[in-house]
Amino acid sequence: QVQLVESGGGLVQAGDSLRLSCAASRLSFSNYAMGWFRQAPGKEREFVAAISSSAGGTLYVDSVKGRFAISRDNAKNTVYLQMNTLKPEDTAVYYCAAKFGGPVAGYTLYHYWGQGTQVTVSS
């Protein structure tokens, strides 16, 4: 079955950077758009960023534009989320997800999900 495994989370201070990775297996990775979502305690899951299958198109939520960058390496079946200038409000569990077709923000449209990785930003 399809597996998405996130890594790279941790505890950092405000202003620091982190790079999350999501490795996919048993998936025709280059045919799938990939997305990153996050969920803070007591809040709904929120779209963060998405990238098309060919990496030709990206989407971001306004709150991370200019700070986060999504990228992918289809040869390695891996998608990344570079997070710079982290803020306490970025604290959440971050999930990667895959969908066939183009990148979108709606989480209900993604078919496969990872287990998540915790990102905690202290002030």
Side-chain angles (χ1 to χ4, degrees):
Q1 64 189 39
V2 172
Q3 279 193 321
L4 301 178
V5 180
E6 303 95 337
S7 62
L11 172 63
V12 297
Q13 293 187 330
D16 286 351
S17 298
L18 277 176
R19 188 175 82 153
L20 305 184
S21 299
C22 172
S25 58
R26 306 185 187 91
L27 180 74
S28 297
F29 185 76
S30 61
N31 291 329
Y32 282 76
M34 299 298 295
W36 284 98
F37 294 78
R38 63 188 180 187
Q39 188 164 18
K43 295 189 177 181
E44 291 195 357
R45 191 164 297 192
E46 174 189 32
F47 169 75
V48 176
I51 188 167
S52 66
S53 58
S54 65
T58 57
L59 296 172
Y60 295 94
V61 67
D62 285 348
S63 61
V64 308
K65 285 181 180 177
R67 299 190 299 123
F68 290 11
I70 188 171
S71 62
R72 65 189 295 159
D73 185 338
N74 285 349
K76 296 182 178 179
N77 287 0
T78 301
V79 62
Y80 305 97
L81 185 68
Q82 178 66 44
M83 305 186 295
N84 299 324
T85 318
L86 282 161
K87 303 176 180 181
E89 51 263 44
D90 295 319
T91 295
V93 177
Y94 283 71
Y95 300 89
C96 70
K99 69 173 293 292
F100 194 75
V104 297
Y107 73 86
T108 59
L109 299 176
Y110 284 76
H111 309 119
Y112 303 108
W113 289 85
Q115 294 299 307
T117 186
Q118 177 71 46
V119 172
T120 303
V121 185
S122 64
S123 58

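- For A55, the side chain to side chain contact (heavy atoms under 4.5 Å, CB included) criterion is met by I51, R72, not counting sequence neighbours.
- Using modelled atom types, one side-chain atom of E6 and one backbone atom of C96 make a donor-acceptor pair closer than 3.5 Å.
- In terms of the side chain to side chain contact (heavy atoms under 4.5 Å, CB included) criterion, residue partners of R67 (sequence neighbours excluded) are, by chain and number, V64, T85, K87, D90.
- What you find for A92 and A40 is that their closest heavy atoms are CB-N, 3.8 Å.
- Contact annotation: the side chain of V104 never approaches that of F47 to less than 4.5 Å [non-hydrogen atoms, C-beta and beyond].
- In this structure, Q3 CD and Y112 OH are separated by 12.5 Å, a value rounded to the nearest 0.5 Å.
- A donor-acceptor pair is defined here as one N or O able to donate and one able to accept, closer than 3.5 Å; no such pair exists between the side chain of E46 and the backbone of R38.
- Counting heavy-atom neighbours within 6.0 Å of Q115 CD, excluding the residue itself, gives a total of 12 or less.
- If you take CE on M34 and OG1 on T78, they are separated by 9.0 Å, rounding to the nearest 0.5 Å.
- The side-chain heavy atoms of H111 and V2, taken from C-beta on, include no pair separated by under 4.5 Å.
- Across every non-hydrogen atom of F37 and A105, the tightest pair is CE2-O, 3.3 Å.
- Within the 3.5 Å criterion, the main-chain N or O of V121 finds a donor-acceptor partner in the side chain of T91.
- Contact check for S30 versus S53: no side-chain heavy atoms found under the 4.5 Å cut-off.
- Under a 3.5 Å cut-off, the side chain of R26 and the backbone N or O of Q1 do form a donor-acceptor pair.
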#### Entry: Derivation and outcome, side-chain hydrogen bond (donor to acceptor under 3.5 Å, both in side chains), residues S17 and N84
CA-CA 4 Å; S17 298; N84 299 324; 3.0 Å; yes
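- Put simply, the side chain of W36 reaches to within 4.5 Å of the side chain of V79, judged on heavy atoms.
- For the pair K43 and Q39, the tightest heavy-atom approach, listed with the atom from each and the gap, is O-NE2, 3.0 Å.
- Scanning all heavy atoms of the two residues, the minimum distance from Y110 to A50 falls at OH-CB, 3.5 Å.
- Within 6.0 Å of CD in Q118 there are more than 12 heavy atoms belonging to other residues, nucleotides or ligands.
- Of all the heavy atoms in S123 and A14, the pair that sits closest is CA-CB, 4.4 Å.
- Among pairs with a residue in residues 80-100, those fulfilling ring-ring contact (aromatic ring centres under 6.0 Å, His included) read Y32-F100, at least two apart in sequence or across chains.
- For the atom pair CZ of F68 and CG of L20, the computed distance is 8.0 Å after rounding to the nearest 0.5 Å.
- The two atoms that bring G101 and A33 nearest to each other are O-CB, 3.2 Å, heavy atoms only.
- Between the OG atom in S28 and the CG atom in N74 there is a gap of 11.0 Å [rounded to 0.5 Å].
- The CG atom of L109 lies 10.5 Å from the OH atom of Y107; values are rounded to the nearest 0.5 Å.
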